[in-house]
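One-based numbering, in listed order, for ligands and for the atoms of each. This one's a predicted model, so the numbers in the text were calculated from it and none came from an experiment.
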Amino acid sequence: MAKQLLFIPGPVTCAPAVLEAMARPMIDHRGPEFAGLLERIATGMKPIFGTTSDVVVAGSSGTGGLEAAVANLFSPGQKVLSCPVGVFGKRLATIASLYGLDVEFIETPLGSGTDPAKLAARLAADTKHEIAGIMLTHNETSTGVQNDMAALAAAIGDHPASVVVDSVSGLGASEFLMDAWGFDVVVTASQKALAVPPGMAMIAVSARAWERMGHGKEPKFYFDLRKAREFALLGQTPWTPPVSIAFALDVAIERYHAEGAASVYARHARYSAAIHAFADASCVHVFSQPGAHSVTVTSMHVPAGLEAAKIRTALRDEHDIVLGGGQAELKGKIVRMGTMGDLTHDDMLRGFDAFESVLRAQGHAIDAGRGTAAARATLEGAILAGSR
Ligand code: PLP
């Protein structure tokens with residue numbers, strides 16, 4: 001049987017060199033070797049975040065990094081403007097509520113991105129600057145939506161609120177310019193576009209945010225970011241770090257820069273375009289709206305008469321291909337196919353072949369080979385056009 005291919009939007013298929021790094025013998029996490037490792041990770045992550053400010057790590061998944069952002073930046077009772085575009089944006093709002101923040105929402109229909117004009121209008125009305133925080137999602141994994149972060153940054157303009165960005169499933173796959181966009185805390189995690197096993201959150205913090213964190217009155221211990229920064233200066237983390245994940249992340253960052261950011265962006269864009277071509281040719285409708293399509297995960301409506309769970313089970317059991325399902329109100333309504341991870345063109349084509357044969361077997365009336373041919377033409381056409 002061929003290897004199982006993960007097309008879920010994280011954890012993703014990891015390169016053998018990344019996995020092999022995890023088998024290295026343990027080192028002293030308070031010794032010079034770990035200090036070098038931590039330094040390489042922080043330095044290597046900065047251009048990926050688009051920042052010259054500090055990047056600290058936490059031994060946690062992405063959610064820990066998001067909780068850290070809330071717990072460190074704010075004080076109970078402060079108002080934050082939450083702009084959810086799906087499950088993960090709502091989860092960040094829930095964290096903020098649990099920390100006693102006064103959460104106001106900018107609502108967005110599922111499948112769309114946050115409307116920059118709505119955000120600009122709400123901030124313009126905040127003449128007393130009561131809004132202390134703005135919470136944005138770069139890439140909403142549950143709906144396959146990617147926000148236009150440059151437009152949202154422009155909408156925020158010079159409003160003084162601290163801007164927290166969840167880029168757990170976005171960072172690395174397309175250009176991100178934290179400093180130019182004026183964001184304060186940006187969070188990502190190891191198991192997404194960087195294609196490392198889960199276990200580490202990477203948190204970039206602006207100079208202004210470090211200053212503000214000195215006044216934050218929320219309780220925090222494990223996720224005290226100022227403590228993380230103090231220890232980072234010593235080449236350490238405050239608590240025992242996931243050393244094996246750090247080994248793997250170090251290798252993944254080196255591979256990322258060797259491939260080159262432009263090439264990594266083009267790869268995700270190319271794979272995402274291939275999924276769209278496959279969907280169009282297979283009479284499967286993409287769920288996200290034009291202008292809001294994610295490059296890391298494409299959400300597709302389940303064709304009429306078919307069942308998401310049956311499609312996914314057949315793909316897994318008969319083809320060793322794993323696709324994501326819908327979450328919350330989209331459960332059973334969509335399937336999601338990711339582009340992140342160590343996936344070759346042949347891997348993508350294997351996924352399309354399997355997807356098409358399961359759709360046909362379960363009664364979706366499409367011609368054999370049509371979807372895969374469209375995806376192949378897109379993959380090859382993009383290469384001929386020089387988009388590598
Ligand atoms: N935010 C987004 C956009 C995500 O996609 C995820 C996970 O898929 C999370 C937050 C939560 O991250 P984790 O599962 O690593 O805690």
Are any of the N/O atoms on Gly62, whether in the backbone or the side chain, positioned under 3.5 angstrom from an N/O atom of ligand 1? yes
Ligand 1 and Arg91, any nitrogen or oxygen pair closer than 3.5 angstrom? no
Give a yes or no on this: more than 12 heavy atoms of other residues, nucleotides or ligands lie within 6.0 Å of atom CZ of Arg24. yes
More than 12 heavy atoms of other residues, nucleotides or ligands under 6.0 Å from CD of Glu259: yes or no? yes
Is it true that the side chains of Thr378 and Arg270 contain a donor and an acceptor less than 3.5 Å apart? no
Can you name the nearest heavy-atom pair linking Ala68 to Phe223, along with the distance? CB-CB, 3.8 Å
After noting the C-alpha distance and the side-chain angles of Lys90 and Glu329, does the key distance pass the salt bridge (charged side-chain N to carboxylate O under 4.0 Å, His left out) rule? CA-CA 13 Å; Lys90 285 187 191 155; Glu329 58 262 65; 3.7 Å; yes
[atom] - nearest protein heavy atom and its distance:
atom                    : answer
atom 1 (N) of ligand 1  : Asp166 OD2, 2.5 Å
atom 14 (O) of ligand 1 : Gln191 NE2, 4.1 Å
atom 9 (C) of ligand 1  : Phe88 CD2, 3.4 Å
atom 5 (O) of ligand 1  : Thr141 OG1, 2.2 Å
atom 8 (O) of ligand 1  : Lys192 NZ, 2.6 Å
atom 11 (C) of ligand 1 : Thr63 OG1, 3.4 Å

Go through the steps for Phe287 and His301 under the test ring-ring contact (aromatic ring centres under 6.0 Å, His included), then give the verdict. CA-CA 6 Å; Phe287 178 76; His301 286 276; 5.3 Å; yes
Presence of salt bridge, Arg122 and Glu104, under 4.0 angstrom: yes
Below 4.0 angstrom, N of the basic side chain to O of the carboxylate: do Lys3 and Asp320 qualify? no
Is ligand 1 under 4.0 Å from a heavy atom in the side chain of Leu92, in the backbone, in both, or in neither? neither
For [X], atoms of ligand 1 separated by under 4.0 Å from a heavy atom:
X      : value
Ser61  : 13 (P), 15 (O), 16 (O)
Ser169 : 3 (C), 5 (O)
Asn139 : 3 (C)

